[in-house]
Amino acid sequence: MLHLVNKSPFDGCSLDTAAAIMKGGDELLLIEDGVYGAMKNGKGAALLDGLKVSVLGPDLAARGIPEDRLVDGVSVIDYAGFVDLVEANDKVQSWL
Amino acid sequence: MLHLVNKSPFDGCSLDTAAAIMKGGDELLLIEDGVYGAMKNGKGAALLDGLKVSVLGPDLAARGIPEDRLVDGVSVIDYAGFVDLVEANDKVQSWL
Amino acid sequence: MKLTIQVNEGPYQHQSSDSAYHFTRAALEKGHEIFRVFFYHDGVNNGTRLTTPPQDDRNIVDRWSELAREHDLDMVVCVAAAQRRGIVDEGEAERNGKDATNIADGFRISGLGQLVEGAINSDRLVVFGD
Amino acid sequence: MKLTIQVNEGPYQHQSSDSAYHFTRAALEKGHEIFRVFFYHDGVNNGTRLTTPPQDDRNIVDRWSELAREHDLDMVVCVAAAQRRGIVDEGEAERNGKDATNIADGFRISGLGQLVEGAINSDRLVVFGD
Amino acid sequence: MSETKKFMYINRKAPYGTIYAWESLEVVLIGAAFEQDVSLAFLDDGVFQLTKGQDTKGIGMKNFSPTYAALGDYEVTKIYVEKESLEERGLTIDDLQHLVWEDEDEDWAEKDSISLISRSELADVLATQDVLFNF
Amino acid sequence: MSETKKFMYINRKAPYGTIYAWESLEVVLIGAAFEQDVSLAFLDDGVFQLTKGQDTKGIGMKNFSPTYAALGDYEVTKIYVEKESLEERGLTIDDLQHLVWEDEDEDWAEKDSISLISRSELADVLATQDVLFNF
């Protein structure tokens, strides 16, 4: 199962709930303002511990976040990688 | 100064920021989904301590929250009362 | 008191337009003056005459049009925001080569300066949004 | 894989429609099949031909229309949501007594069943919203 | 279209402040005709959708909360409410509408539609679904 | 229209995910012509609007961040950034664009536009304003 979060960790509880609901084998993809959740020293960092996390590179670049500011172990992917994640997981949960 | 909050205390940080910015003499009005912030035992209750708080009655009724579920000291007003609050304060800050 | 009201969201999706309407009506009933209602961002979508809401629900656009007619309200739709969202009057249709208009009764399309002017000329600016 | 894409927000206000577009394009480039793109809630506002975005910005509506033309996409605007927001084709104009239409090329108005059918017939449903 | 899928509608937003709750319910009602294996989840602010005593006269909007009570007639009988979300909001199950359905196989016995489940149980239920609807 | 008011534009939302940041800036640019006493506040997710190095090619949206650097030319020279909001987000002032203006009264000396202030100082600044714009 692929979990999509598109909100900043300060805007609602989508990242909190997604992280709490995720099971072993699930994956998390941060898109749009959700990419702020993967920042080192940010509010989201603590939530990502032990999770398999990707962020959408184009959204990261738009917001001026260099990749070295991300929590260790986070993958940066493009829209094609997003499609691959959707294919690799049996379903998608958008935490709107 | 009148502070308007229209979001649930679980949806973003509007109530947190409004409560932190409010100064003596300022007033807080909770409207729309913001009315959940005035519920006893809810997440917003702790933030309201010492503040002058009103909630919009029509929004409260729509959401099925009885007045006895509100934090003590909160006033319930209607749209006419909303207008009066805007008039009584020198300006309005909408924490969108 | 003299008021300018700003509406940032379109009809139905968010409660903002409803809240702004009830507030505006209450202010008028109390004898206050509405200098202007300014529709910005998706708020411009309140100004289309093409909606057909369910019969058991309120008609948000018609309600604004009627309030404007009764109280001679100045309801301004921001031109830049309207161009992005597709709210069009005769002038805009001609300028931008559009084959239809959708602006509702009582709304006019004008610039962002109208919001700033509203803020300058009113005692209070009250913003309704998301 | 066969995909249905759901778009819940209108153009420009939220990034949802942009993200859905880039995702859909990437899926097509990889050879996946898009069973349907379903526009719901304010997402129906992506289907108006009356927008005129600034020349230095992307044209969200045209972009969808072109993608549909190139790939023969089925882009469905929910009728109930469209009636609330004022997205109208010839049939809707006639039924609801409207004097104009605003539907853009490549979009068709149909029922919510189209979303459910999309979910049944696709390997994945991917939702973009607020 | 002969295949039956497990459909879950995820409700995480409060009613009236935005239309998502109501338009989500419209999908559930239409979707019922497609005879899939349907369930609903209410978590986060979505639990507020089910509160008793909603009265929208003062805001001039349609009160759609009675529709939840009709879900049983549409054979939508599995409604999961997340315990943690209720508790964080100072709510109990008694603050919510009592939703029931009639079991044809047991002489139309009235049964509860709502199951109060923990976050980790909800995670298990989500894992078994085929399609998740979000609004 | 001869009266001068203290106008403050409040920015609390991240860029690109929603259009509020950009359309707010459009009001600031238009509003500059009205010769009011203008200032901008950036707090909560609004501080993300000012980050350096924004590159929107990959999302196909217009990069409006260079406009902040032009605000000095519009005589918009008072930009308040809330310290607590930066810190909560793991940011420092060095992550933000360096915004300056030229002081006509001091032989066009270049001065910083951004003042980093605490939440309680921001509360004081808000209190002195006549009109608060929110988007």
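None of the values given here were measured: they were computed from a predicted structure. Order of the sequence lines sets the chain letters (A, B, ...), proteins ahead of strands, with each chain counted from 1.
- When all heavy atoms are compared, the tightest approach of Val27(E) to Val116(D) is CG1-CG2, 4.2 Å.
- Only the side chain of Phe7(E) comes within contact range of chain D, judged by heavy atoms closer than 4.5 Å.
- Between chain E and the options Ala81(D), Gly113(D), Cys78(D), Gly129(D), heavy-atom pairs under 4.5 Å are most frequent for Gly113(D).
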* To do: Determine, step by step, whether Val127(D) and Phe135(E) satisfy the side-chain contact (heavy atoms from CB on, under 4.5 Å) criterion, reporting the C-alpha distance in whole Å, the side-chain angles of both residues, the deciding distance to 0.1 Å, and the verdict.
  => CA-CA 8 Å; Val127(D) 186; Phe135(E) 303 98; over 6 Å; no
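- In this structure, the side chains of Leu125(D) and Leu132(E) stay at 4.5 Å or more apart for every pair of heavy atoms.
- Within 6.0 Å of CD in Glu29(D) there are more than 12 heavy atoms belonging to other residues, nucleotides or ligands.
- One finds no salt bridge joining Lys5(E) and Glu117(D) here, because no Lys/Arg side-chain nitrogen approaches an Asp/Glu carboxylate oxygen to under 4.0 Å.
- Pairs engaging residues 64-74 of chain E under the salt bridge (Lys or Arg N to Asp or Glu O under 4.0 Å) rule: none recorded [sequence neighbours left out].
- The two atoms that bring Gln36(E) and Ile120(D) nearest to each other are NE2-CD1, 3.3 Å, heavy atoms only.
- For a residue to count as touching a neighbouring chain, one of its non-hydrogen atoms must lie under 4.5 Å from one of that chain's; by this rule Asp130(D) touches chain E with backbone and side chain alike.
- Proximity to chain E (any heavy atom under 4.5 Å) is shown, for Gln114(D), by neither the backbone nor the side chain.
- Residue-environment remark: CD (Glu75(E)) stays at or below the threshold of 12 foreign heavy atoms within 6.0 Å.
- For the pair Phe133(E) and Leu115(D), the minimum side-chain heavy-atom distance is below 4.5 Å.
- Within residues 99-130 of chain E, no residue has any heavy atom under 4.5 Å from a heavy atom of chain D.
- Only the side chain of Val131(E) has a heavy atom closer than 4.5 Å to any heavy atom of chain D.
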* To do: Before giving the answer on side-chain contact (heavy atoms from CB on, under 4.5 Å), spell out for Ile19(E) and Arg84(D) the whole-Å C-alpha distance, their side-chain angles and the decisive distance to 0.1 Å.
  => CA-CA 11 Å; Ile19(E) 202 172; Arg84(D) 283 194 178 98; 3.7 Å; yes
